[in-house]
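Order of the sequence lines fixes the chain letters, A, B, ..., with proteins taken first and strands second; residue numbering starts at 1 for each chain.
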Protein chains: 2
Amino acid sequence: MAAEPPRDGADAIQDAWRRELPGVPVESIGVVTRIWWAAKVFGDERRRLLANLGVDVATLDLLSTLRRSGPPYRMSPGELAGACMVTRGAITQRVERAVRAGLVERTTVGSGYHARAVFLTDAGNALLDRVVADLLVAEDRLVGHLSPERRDQLADLLRELLAGLGGPSLTGQVGD
Amino acid sequence: MAAEPPRDGADAIQDAWRRELPGVPVESIGVVTRIWWAAKVFGDERRRLLANLGVDVATLDLLSTLRRSGPPYRMSPGELAGACMVTRGAITQRVERAVRAGLVERTTVGSGYHARAVFLTDAGNALLDRVVADLLVAEDRLVGHLSPERRDQLADLLRELLAGLGGPSLTGQVGD
DNA sequence: TAAACTGAGTTTAGACCTAAACTCAGGGGG
DNA sequence: CCCCCTGAGTTTAGGTCTAAACTCAGTTTA
């Protein structure tokens, strides 16, 4: 007879919908709502930290994806859209901002209307060297209250969840 | 000797940072990145479904929070901000849109500059009755490939994670 | 009782995203 | 050789959010 874990806000939301709309299936809330909240906490924390370091989350996502891609460290806008999980239009805007900031460059073709490849400048690489380690250390602290065993259990369950979601997998991700 | 789970994109990202920035702690990625991706998949799916039903995610979040709050089904903007985990400014804008759509009303005070309480109209309640059940059924299907045992394990680990994050708890949530 | 304070709500500027329309470059038919 | 098609990239309109400045109502204080 293991002790029940203390109830939290997601449990309260399940109860509230059971009360307001009897008969609807509320079981997914325990997973979906908590994932939503955790993502919000991580996202807010990351935004604050990066703001202090002078970058925004979207730009760092772009630069990180290029850096992680490995040699030759160049990606087309379409590849970036797949890896970053945003629309091509969003990539156009991210690249435009990053170019203005001197963090990436584009090679174009023909009249120059279309970008062909995007790659980091020295300044972009320097920014990554300066920021990513701090970010990973901060996030390590955020999840540090979970024992390594619990953390690995959670990671494995999330991997299983994502595999079934048909969402982001190795396809379209880093490492062409 | 349990079989290793198949590698996914998050594993690849861990490897890539180990290669690019040797020495940085990459263990948090297995949890943080997968939670981020899962939230993105759930969020995109919810946005698409709700767009078909003629609502947007932010408005449904507002209406749901009011409905779940129970009697007297009224909340101040500040309470709503806490429960929805967005800034008060965002609540002002959400309420303004919902008022224009006829889904909620406001009671004001004095010159009418400040809202005091926000509550659902009949149209707002009808929209919830029409939409929430469909949404929960759809999300139940999304996580349906996990066995109930795995789902509960995942929910428990996420509850533990959130408790340690000091993030959303019972405080400021539903239930007055 | 009037000035200052405090806290809740609102406004605004700026960032970011999506969806849909638009624009080229390159590759077939005719 | 030219027209059209297709696909990748870009533009634009519209919506959402945050952070910081601003505005009141009610309260404290002298």
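- The side-chain heavy atoms of B:Val99 and B:Arg106, taken from C-beta on, include a pair separated by under 4.5 Å.
- Look at CZ on A:Arg116: it is 10 Å from P on C:dA25, rounded to the nearest Å.
- Salt bridge present: A:Arg150 and B:Glu160 bring a charged side-chain N and a carboxylate O closer than 4.0 Å.
- Toward the 5′ end of DNA chain D lies the nearest nucleotide of A:Arg106, the other residue of the pair B:Thr59 and A:Arg106 mapping further downstream.
- Between the side chain of B:Asn125 and the backbone N or O of B:Leu128, no donor-acceptor pair lies under 3.5 Å.
- A:Thr107 places a side-chain N or O within donor-acceptor distance of the main-chain N or O of A:Ala117, the cut-off being under 3.5 Å.
- Using a 4.0 Å cut-off between a side-chain N of Lys or Arg and a carboxylate O of Asp or Glu, A:Arg151 and A:Asp156 do not qualify as a salt bridge.
- Over its full length, the helix from C:dT1-D:dA30 to C:dG30-D:dC1 turns its helical axis through 10°, comparing axes from the five pairs at each end and rounding to 10°.
- Protein atom CD of B:Glu96 is 14 Å distant from nucleotide atom P of D:dC17, rounded to whole Å.
- A salt bridge between B:Asp44 and B:Lys40 is present, with a side-chain N of the basic residue lying under 4.0 Å from a carboxylate O of the acidic one.
- Atom pair A:Asn52:CG and D:dA19:C1' shows a separation of 13 Å (rounding to whole Å applied).
- In this structure the side chain of B:Arg47 never reaches within 4.5 angstrom of the side chain of B:Phe42, judged on heavy atoms.
- Remark: P of D:dT16 and CG of B:Asp56 are 4 Å apart, rounded to the nearest angstrom.
- Between the C1' atom of D:dA8 and the CZ atom of A:Arg88 lies a distance of 6 Å, rounded to the nearest Å.
- In terms of modelled atom types and a separation under 3.5 Å, the side chain of A:Arg19 and the main chain of B:Arg68 share a donor-acceptor contact.
- Between A:Arg46 atom CZ and D:dT18 atom P the separation is 17 Å, expressed in whole Å.
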Could you pull out the protein-nucleic contacts involving nucleotides 17-19 of chain C (nitrogen or oxygen on both sides, under 3.5 Å)?
{"residue": "C:dC17", "atom": "OP1", "partner": "A:Arg94", "partner atom": "NE", "Å": "2.9"}
{"residue": "C:dC17", "atom": "OP1", "partner": "A:Arg94", "partner atom": "NH2", "Å": "2.5"}
{"residue": "C:dT18", "atom": "OP2", "partner": "A:Thr87", "partner atom": "N", "Å": "3.1"}
{"residue": "C:dT18", "atom": "OP2", "partner": "A:Thr87", "partner atom": "OG1", "Å": "3.0"}
{"residue": "C:dT18", "atom": "O3'", "partner": "B:Arg47", "partner atom": "NH1", "Å": "3.2"}
{"residue": "C:dT18", "atom": "O4", "partner": "A:Gln93", "partner atom": "NE2", "Å": "3.3"}
{"residue": "C:dA19", "atom": "OP1", "partner": "B:Arg47", "partner atom": "NH1", "Å": "3.0"}

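- The heavy-atom pair separating A:Val31 from B:Leu158 by the smallest distance is O-CD1, 4.0 Å.
- Whole-Å rounding puts the B:Leu80 CG to C:dG9 C1' distance at 12 Å.
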